[in-house]
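Have a look at the structure below, then the notes.
Being a predicted model, the structure only gives us computed values, none of them experimental. Reckoned from all heavy atoms, side chains included, excluding hydrogens, waters and symmetry mates. Along the sequence shown, residues are numbered consecutively beginning with 1.
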Amino acid sequence: MVTRNNTKVIRIGDKKIGGGNPVLIQSMTNTKTEDVESTVSQILSLEKAGCDIVRCTVPTPEAADALGEIKKRIHIPLVADIHFNYKLAIAAMENGADKIRINPGNIGGEDRIRAVIEKAKEYGVPIRVGVNSGSLEKELVEKYHGVTAEGLVESAVDKVRMIEAFDYDNLVVSIKSSDVLMCARAYELVAEQIDYPLHVGITEAGTVYSGNIKSAVGLGIILHQGLGDTIRVSLTGDPVNEIASAKLILKTLGLRRGGIEVVSCPTCGRTNIDLISLAGQVETMAADFEHLNIKVAVMGCVVNGPGEAKEADIGIAGGIGEGLLMKKGQVIRKVPEEDLLSTLRYELEHWGESDADC
């Protein structure tokens, strides 16, 4: 099976994917691309959260024109999402898109596909070939008696071969489905037939709650097999939420380092502090310390807290009106309950200056 270690290397702006390069996080704006100010503002927020590549929809000539100004004001590669109108794909590249996402099956005949590919050759822009379970060709639905992983893969490979026939192989491939197991199976199958980098994600995953669970399961299965070069956690709502989820998935699988990992106990009858609120505040605070690669434990009681937090670099455990500050499972000192959060922040701000990294 092809894995990200032996796929082709593709350059997207100043980023490289495939060939063993790190898995990058992608998201998509939900602003009107024509609204440059709103779109730039959202992209800058995504950048701050840790987004590596951003995609914008290009449904109109005005949106294509806006890409030029947007690109001047952001710092990560910009991908143009195109459907139906091949002229918009051409315009997007002329306005600086670092990659375009198309479905060759819905932009017209051979002449139109050729025109897009020739422009991509001229500008050196990679093409992401996207196939979605919701738009699988009728003949493939009939052939496989429904939407299946096999049908999705046949559709994707057909489109890849179509572009290759025009002597172009600067490609990224994605297959999206809201069916987690179907999606995972499709990536396994397509990886046996092509050596292009794969963009992976569970499409239409849902709200922050359900979408995170489906994405974690699906992306976990796919990435653990060595597949996937860029990922997106598709959530209904503010796309900034997608970035934290994607980072955590990658960290959990050992595919990304850096930033604080927060672990906390589920609470029980021994808990005498507002642990739920405290853990949430610690997780929010952790985002301010992306430069630290440590584990922070937030425990609910002093009975098991020190023992359960032994694997953490630093932690706090609640008691009755007070709590413990711990490092590597060793109690350092007692702290009034109301000072636990500020004490932890101080330690993080001064990490490595004294015995904080012992």
Side-chain angles (χ1 to χ4, degrees), residues 7-19 21 24-29 31-36 39-40 43-44 46-47 51-131 156 158-174 194-199 229-230 232:
T7 58
K8 289 174 61 65
V9 175
I10 299 295
R11 182 177 292 276
I12 305 168
D14 61 353
K15 300 286 197 303
K16 291 192 295 185
I17 64 171
N21 282 293
L24 299 184
I25 296 170
Q26 184 168 309
S27 186
M28 185 173 183
T29 57
T31 58
K32 297 293 185 184
T33 307
E34 298 88 341
D35 184 345
V36 172
T39 302
V40 168
I43 293 173
L44 294 178
L46 286 165
E47 288 181 6
C51 183
D52 299 305
I53 300 172
V54 67
R55 179 162 48 114
C56 296
T57 185
V58 181
T60 65
E62 291 76 17
D65 291 341
L67 294 180
E69 183 60 28
I70 292 168
K71 187 172 169 60
K72 292 176 184 176
R73 296 162 60 180
I74 65 173
H75 313 89
I76 56 177
L78 182 63
V79 181
D81 190 89
I82 313 294
H83 288 279
F84 309 118
N85 192 332
Y86 80 103
K87 291 182 180 179
L88 295 179
I90 292 172
M93 289 184 276
E94 291 175 339
N95 280 284
D98 295 298
K99 183 175 75 169
I100 60 169
R101 188 271 192 186
I102 63 171
N103 180 338
N106 72 19
I107 63 169
E110 182 176 308
D111 289 347
R112 294 181 177 185
I113 295 171
R114 183 191 300 275
V116 171
I117 293 171
E118 290 303 319
K119 184 61 66 172
K121 288 181 181 179
E122 179 185 348
Y123 282 81
V125 173
I127 296 174
R128 175 180 143 195
V129 179
V131 174
D158 283 349
K159 291 171 176 56
V160 167
R161 303 308 180 212
M162 182 190 306
I163 294 176
E164 287 177 334
F166 291 99
D167 193 31
Y168 200 64
D169 63 356
N170 193 6
L171 303 177
V172 178
V173 176
S174 68
I194 63 171
D195 65 351
Y196 295 107
L198 299 173
H199 171 72
D229 299 279
T230 62
R232 182 189 176 193

Salt-bridge criterion met for R128 and D81 (N-O under 4.0 Å):
no

Hey, are the side chains of I194 and R161 touching, using non-hydrogen atoms and a 4.5 Å cut-off?
yes

In Å and rounded to the nearest 0.5 Å, what is the CD to CD1 distance from E34 to I70?
8.5 Å

Please tell me whether T31 and T39 have a donor and an acceptor in their side chains that are separated by less than 3.5 angstrom.
yes

Does either side chain, that of E164 or that of Y196, offer a donor lying less than 3.5 Å from an acceptor on the other one?
yes

Just checking, is any N or O donor in the side chain of H199 or R101 under 3.5 Å from an acceptor N or O on the other one?
no

Please step through salt bridge (charged side-chain N to carboxylate O under 4.0 Å, His left out) for the pair D52 and K15, ending with a clear verdict.
CA-CA 8 Å; D52 299 305; K15 300 286 197 303; 5.2 Å; no

Side chain N103, main chain V131, donor-acceptor under 3.5 Å
no

I'd like to know if the side chain of T7 reaches the main chain of G19, judged simply by a donor and an acceptor atom lying under 3.5 Å from each other, with no hydrogens or angles considered.
yes

How far does CE of M28 sit from CD1 of I53, to the nearest 0.5 angstrom?
14.0 Å

Answer yes or no: is there a donor N or O on one side and an acceptor on the other, between the side chain of D229 and the main chain of L198, under 3.5 Å?
yes

Calculate, to the nearest 0.5 Å, the distance between atoms CD and OG belonging to Q26 and S174 respectively.
9.0 Å

If the threshold is 4.0 Å, N to carboxylate O, is there a salt bridge linking D195 and K8?
no

Quick one: which of I10, D169, V173, I117 gives a side chain to side chain contact (heavy atoms under 4.5 Å, CB included) with I127?
I117

Among side-chain atoms of T29 and R55, is any donor-acceptor pair under 3.5 angstrom?
no

Is it true that a side-chain atom of N95 and a backbone atom of A92 form a donor plus acceptor pair closer than 3.5 Å?
no

Is the backbone of T57 close enough, under 3.5 Å, to the side chain of T33 for a donor and an acceptor to pair up by distance?
yes

Who are the side chain to side chain contact (heavy atoms under 4.5 Å, CB included) partners of F84, not counting sequence neighbours?
N106

Between E69 (side chain only) and V36 (backbone N and O only), is there a donor and an acceptor less than 3.5 Å apart?
no

